[in-house]
Amino acid sequence: MSSPSNAAVIAALRQLVAYTQLEDGQSQSFRTRAYQKAIDAVSVRSDPVAELPLGELVAIEGIGDSTARKIIEFAERGSISKVERLKAKYPASMLDLMRIPGLGPKTVLALQDHLGVTDVAGLREAIEEEKLRTLPGLGAKSEKKIAESIELLGIHSDESRTPIFDAMGIAHRLIADLEASDLVERIEYAGSLRRLEETIGDIDLLVVSDAPVEVIDRFTGLPGVTSVLGSGTTKASVVIDDQIQVDLRVVDSDAFGAAWLYFTGSRSHNIELRQRAIGRGWTLNEYALSNVDTDETIASRSEEDIYRSLGLPLITPEVREGAGEVGAAEAGRLPRPVDIGDIRGDLHVHTTWSGDGRSSMDDMLDALTASGMEYVALTDHAEDLVMNGLSRDQVLEERAEIVEQRASRPELTILHGAELNIGPEGGVDYDPEFLATFDFGVASIHSHFDLPQARQTDRLLAAVANPAVNVIGHPSGRKIGRRPGVVFDADAVFEAAAENGTAIEINCHLQRLDLAAPLIRRAMDVDGLLFAISTDAHHTSELANLRWGVSQARKGWVSAERVLNCLTLAEFQAVVGRKRAV
DNA sequence: GCCGTTTTCGGCCCGACTGTTTTCAGTCG
């Protein structure tokens, strides 16, 4: 029997957390926080922790003897005995009750103890009969509020996290609407969106304004607001499009750095920073880093000031996961994150030569030049992609257009590439002689997503070794929230890619962000492996997606030295040439 | 439950909001 995936281990630990919250009667007991920390630790690992022996599990920061044994128990028996015991004590439906906003473990336990209510149906009944207000600490107002919260249950369920592509679109729409008002001095998003998590629970917006009440008014009245959860003089929460909660806070410009740091999180990263502050006799909250005794502010204006005061370099938001980044930063082991200004070329760009391309070659090249690119690989689809790919004749016609474009664009080096299709056995389009006439090749999986792992690995290994292939495009083929990626032996593919001089793409599209960040970190451990941060743009407007790919690379702790398209033109051409000469 | 330039025992992040409990408990982020 194969061992459970990290996702399965995390799901089991989440159950452990939920039941332990009930058992302990508090959501933040030291025990549940310890389990939660273990979840955080597992979630940033790409190797299956269920295969590790006790000694190696305990060596992971945040996992101690007790949790390690529970993971092993889960790997061996498929369940955790503590969870089984608690399941017998508390019906699973009580966990549903805890998801209702406003209902925590204390209240859910009181429902069971005093009213015998253990599920949502029973709770509705108790509200109808006005029994909730008889519980200690609850009154008529709480009863009404809980009744309203039940209707929001869908929005707060675990399954309701929104893919980042959709959430980012909503956030930018709201930001544009608020900026149009002239009330807003500055507006930024924070939270998991800023950390570039793949799915978003709610959107956090931070505003600097002299007129907070007017900003809140405008916010709660924006188009798309389907429900106002609460609103005061400095903060408000709404639901947008019946889909996602958005929290907005108005803060002082003097405290903006502290607020942005605080609301960006992650929770565990913040806790590490606060512990660090305490060690220096200071305290850190959303207003400032300040001296506990004198109340004097040490830093608050910018995140950089606060990190510096804590003896740390600015830690880029994408890595603030509480996954060892604070320690690494202190030890100088956190690589200088790749910056959008480091990118010199785009190595995966489509034009209208592709059936699904929407901008002409001329427009694409104009836009690339305007954005300061020094080189580009035009990679229209190849013939095996029947609907959108180019026949050999079309390839030659496109090449003629490229030759013309080169003559009028000395500032931009244009490579004629192709996005090849990796077949089920690892073969690609055209034939070796014709392939050799291209300057560059990206090879991607566009079909056969459901082959078993060994065959996926084999087809990727074949593509990696192909001399016409310089980059493996969107390696897993996933679409976040829509389609899982193919499963392959990542170590084998990364090792082979490093040996063959084949780069691994970090696809910039927010629906892809492929490789996933944990796999990027794993690939960073393979010496000599290079990444390509590429937009895969099908329209000039998508060239701006570059920032998301850079952000994703940062999340994987990538520095510019490891990025093929951060190399100077001469270095880049040397790497590409070496591969194609094989 | 985890962890150690405070500690193998005794600590463990911080504040706002809400409702109801006249001084605080529960929930949330």
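In what follows, every chain begins at residue 1, and chains take the letters A, B, ... in the order their sequences are listed.
Across all strands shown, Thr283(A) has heavy atoms under 4.0 Å from sugar-phosphate atoms exclusively, and none from any base. Residue Glu286(A) is in sugar-phosphate contact alone, with no base atom involved, counting any heavy-atom pair closer than 4.0 Å across all strands shown.
Using modelled atom types, one finds a donor on one side chain and an acceptor on the other under 3.5 Å when comparing Ser551(A) with Glu318(A). For the residue pair Glu325(A) and His269(A), a side-chain donor N or O sits within less than 3.5 Å of a side-chain acceptor on the partner.
Residue Lys145(A) places its side chain closer to dT18(B) than to any other of dT20(B), dT18(B), dC17(B). Proximity note for Gln275(A) (side chain, C-beta onward) versus dG29(B), dC12(B), dG15(B): the nearest is dC12(B).
Applying the ring-ring contact (aromatic ring centres under 6.0 Å, His included) test to Trp282(A) and every residue at least two apart in sequence or in another chain returns nothing. With sequence neighbours excluded, the residues satisfying salt bridge (Lys or Arg N to Asp or Glu O under 4.0 Å) with Arg124(A) are Glu151(A).
Sorted by first and then second residue, the salt bridge (Lys or Arg N to Asp or Glu O under 4.0 Å) pairs with a member in residues 224-238 of chain A form an empty list; sequence neighbours excluded. The stretch residues 212-222 of chain A participates, sequence neighbours left out, in no side-chain hydrogen bond (donor to acceptor under 3.5 Å, both in side chains) pair at all.
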Report summary line: Once base and sugar-phosphate atoms are separated, protein heavy atoms under 4.0 Å mark nucleotides 1-8 of chain B, 5' to 3', with B, S and - as BSS-----
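Across the protein-nucleic acid pair, Leu229(A) atom CG and dC28(B) atom P stand 13 Å apart, rounded to whole Å.
Side-chain nitrogen and oxygen atoms of Tyr287(A) include none within less than 4.0 Å of the OP1 or OP2 phosphate oxygen of dC14(B). Residue Ser27(A) places no side-chain N or O under 4.0 Å from the OP1 or OP2 atom of dG26(B).
Near-neighbour residues of DNA chain B inside residues 300-321 of chain A, defined by a heavy atom below 4.0 Å, are absent.
Side-chain contact between Phe263(A) and Arg249(A) is present, with at least one heavy-atom pair separated by less than 4.5 Å.
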